[in-house]
Visitor: 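Could you have a look at this structure, given as structure tokens, before my questions?
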Amino acid sequence: EPREIGNQIIQTFARHLSWHHVAIRILNPETDMLELIAFNQPGLSDESHAEVEKRFTTMVTKVGQGLSGWSMQTGKSIRTGNVHTHPQYVDTHEGIMSGLYMPLRIGDRMIGCISVESNAADAFTQQDERLLATLANQAAIAFENARLYQSAQQELSERKRAQQALWASESHYRQLADSITDILFELDQDLQYTHWNKASEMFSGIPAEDVIGKSMQEIGGTGAEVFKRPEIYKSVLKERQAKTFEINASTKGQKRDLEISAYPSAHGVSVVARDVTERKVF
């Protein structure tokens, strides 16, 4: 997490630099706003720390604002013994004199800034600036890795939600398909069965588990034979146009007239068979 990385960076600074406070801001690429992700001011109680941090959150919020934002805009570090000589300075705390501001960059892209301020004049040396630059380079890589990791996690989460929605949709579709009284089955691009509803089972006497994943040639049985019209299904696949035809079939010792409609689908062909015997008699 960026906040954890920021706090670890500040702990590293504490061993080498002295300050009144330090703030780390990261650019949110979606809002183009600077977000305070780590802050430290020694000697504050938890309550006071939260109050001061909240105030700092609103002080510098975009590139070019304050010396932190200015260092990002110019892409250069700023070390000053008197912050009040800079027109870009935003008064963060009464009595602040010195400041050290280091942009965080990945290649030519600015991703944030580290600002260290002190109430002592000329508090930071050139050596301090070099040290902060070294740490800033490492911090920038850590922040970028965290961003990429979070982005990947979000993408995986979105994919998972989409997959779950798809499964729910397919499950709902299968339930609907099994609830209708018409014969309904589906074929893929190779004319292998991908669905075989309850009405298909009842008419053919062949359970779905013996059909799914097999081709028409592999499925025997009188009930299934009447649906074997590969030349028609191939034309549906090729022309992407629905085809309707009629057949005579025997089921449970009775002759029935079936109207077969084959429709192109996203994955192959959907076939619906309706009993039109009564309509023909009429």
Side-chain angles (χ1 to χ4, degrees), residues 1-10 24-39 57 61-63 72 103-114 136-180 182 184-201 207-216 218-219 233-234 236-242 261-272:
E1 292 292 331
R3 185 170 291 274
E4 293 176 11
I5 295 171
N7 288 329
Q8 289 181 15
I9 292 168
I10 288 175
I24 302 178
R25 295 177 173 87
I26 296 295
L27 183 67
N28 185 325
E30 295 181 0
T31 63
D32 212 29
M33 302 290 282
L34 288 174
E35 297 179 356
L36 184 72
I37 56 100
F39 174 81
T57 299
T61 58
K62 57 186 179 181
V63 175
M72 285 187 65
L104 297 168
R105 70 170 76 223
I106 296 293
D108 294 331
R109 180 165 54 91
M110 302 299 158
I111 67 167
C113 180
I114 300 174
N137 287 336
Q138 297 173 2
I141 294 171
F143 284 127
E144 182 68 0
N145 288 341
R147 184 189 69 79
L148 292 173
Y149 176 77
Q150 288 182 331
S151 178
Q153 290 296 105
Q154 183 178 354
E155 183 178 349
L156 287 173
S157 179
E158 289 172 355
R159 284 185 182 181
K160 186 177 180 180
R161 283 197 296 270
Q163 187 65 56
Q164 289 173 339
L166 178 62
W167 285 338
S169 177
E170 288 182 348
S171 176
H172 181 62
Y173 166 74
R174 300 303 180 194
Q175 289 173 359
L176 287 176
D178 283 340
S179 69
I180 67 175
D182 288 337
L184 185 149
F185 59 88
E186 293 180 64
L187 303 163
D188 63 14
Q189 299 288 335
D190 298 319
L191 298 185
Q192 291 184 327
Y193 292 98
T194 58
H195 186 66
W196 187 256
N197 77 342
K198 294 295 183 183
S200 300
E201 290 183 328
E209 57 264 28
D210 294 342
V211 175
I212 303 302
K214 295 181 180 178
S215 66
M216 289 187 167
E218 294 177 283
I219 304 301
Y233 304 140
K234 286 178 181 177
V236 172
L237 282 172
K238 183 178 180 180
E239 299 169 17
R240 306 301 295 170
Q241 293 290 330
S261 298
Y263 305 93
S265 68
H267 303 294
V269 182
S270 295
V271 182
V272 178

Visitor: Hey, what do you get for CD1 (Ile24) to CD1 (Ile114), rounding to the nearest 0.5 Å?
Guide: 4.5 Å

Visitor: If you count the non-hydrogen atoms of other residues, nucleotides and ligands that lie under 6.0 Å from CZ in Arg240, is the total more than 12?
Guide: yes

Visitor: Distance alone, cut at 3.5 Å: any donor-acceptor contact between the side chains of Arg161 and Ser157?
Guide: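 Yes, Ser157 and Arg161 have a side-chain donor paired with an acceptor closer than 3.5 Å.
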
Visitor: Do Val272 and Tyr263 have side chains that approach each other closer than 4.5 Å (heavy atoms only, starting at C-beta)?
Guide: yes

Visitor: Using 0.5 Å steps for rounding, measure from the NE2 atom of His195 to the OG atom of Ser270.
Guide: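 Rounded to the nearest 0.5 Å, the NE2-OG separation comes out at 9.5 Å.
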
Visitor: Can you tell me how far apart CE (Met110) and CG (Asp108) are? Round to the nearest 0.5 Å.
Guide: 7.0 Å

Visitor: For the residue pair Leu237 and Leu191, what are the closest heavy atoms and their distance?
Guide: CD1-CD2, 3.9 Å

Visitor: Quick one: does Asn197's side chain have a donor or acceptor within less than 3.5 Å of a partner on Leu184's backbone?
Guide: yes

Visitor: Distance check, rounded to the nearest 0.5 Å: Leu104 atom CG versus Arg109 atom CZ?
Guide: 11.5 Å

Visitor: For Glu186 and Thr194, indicate whether the former's side chain and the latter's backbone hold a donor-acceptor pair under 3.5 Å.
Guide: no

Visitor: Test side-chain contact (heavy atoms from CB on, under 4.5 Å) on Phe39 and Thr57; report intermediate values, then the result.
Guide: CA-CA 10 Å; Phe39 174 81; Thr57 299; over 6 Å; no

Visitor: Applying side-chain contact (heavy atoms from CB on, under 4.5 Å) to Val211 and Phe185, what does each step give before you reach the verdict?
Guide: CA-CA 10 Å; Val211 175; Phe185 59 88; over 6 Å; no

Visitor: Could you check if a side-chain atom of Gln150 sits within less than 4.5 angstrom of a side-chain atom of Pro2, using non-hydrogen atoms only?
Guide: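 The answer is yes, as the side chains (C-beta and beyond) meet within the 4.5 Å cut-off.
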
Visitor: Check whether any side-chain heavy atom of Glu209 lies under 4.5 Å from a side-chain heavy atom of Trp196, and answer yes or no.
Guide: no

Visitor: Considering non-hydrogen atoms only, spot the tightest contact between Ala140 and Ile106 and give its length.
Guide: O-CD1, 3.5 Å

Visitor: Looking only at non-hydrogen atoms, find the nearest pair between Gly6 and Ile37 and report the distance.
Guide: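 Taking Gly6 first and Ile37 second, the nearest heavy atoms are CA-CD1, 4.1 Å.
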
Visitor: Of all the heavy-atom pairs spanning Ala136 and Pro103, show the shortest one and how long it is.
Guide: CB-O, 4.3 Å

Visitor: Hey, does the side chain of Glu218 reach the backbone of Ser215 with a donor-acceptor pair shorter than 3.5 angstrom?
Guide: yes

Visitor: Looking at every heavy atom in both Gly112 and Met72, which two are closest together, and how far apart are they?
Guide: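 The pair with the smallest heavy-atom distance is O-CG, 3.4 Å.
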
Visitor: For the pair Leu34 and Lys62, evaluate side-chain contact (heavy atoms from CB on, under 4.5 Å) and give the outcome as yes or no after the intermediate values.
Guide: CA-CA 5 Å; Leu34 288 174; Lys62 57 186 179 181; 5.6 Å; no

Visitor: Nearest 0.5 Å, what's the CD1-CZ distance between Ile26 and Arg3?
Guide: 11.0 Å

Visitor: Under a 3.5 Å cutoff, is there a donor and acceptor pairing between the side chains of Glu158 and Gln154?
Guide: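 Yes, side-chain donor-acceptor contact under 3.5 Å.
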
Visitor: So Gln138 and Ile141, side-chain contact (heavy atoms from CB on, under 4.5 Å) or not? Walk me through it.
Guide: CA-CA 5 Å; Gln138 297 173 2; Ile141 294 171; 5.8 Å; no

Visitor: Taking atom NZ of Lys214 and atom CD of Gln192, what is their separation to the nearest 0.5 Å?
Guide: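 The NZ atom of Lys214 sits 11.0 Å away from the CD atom of Gln192.
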
Visitor: Of all the heavy-atom pairs spanning Leu187 and Met216, show the shortest one and how long it is.
Guide: CD1-CE, 3.4 Å

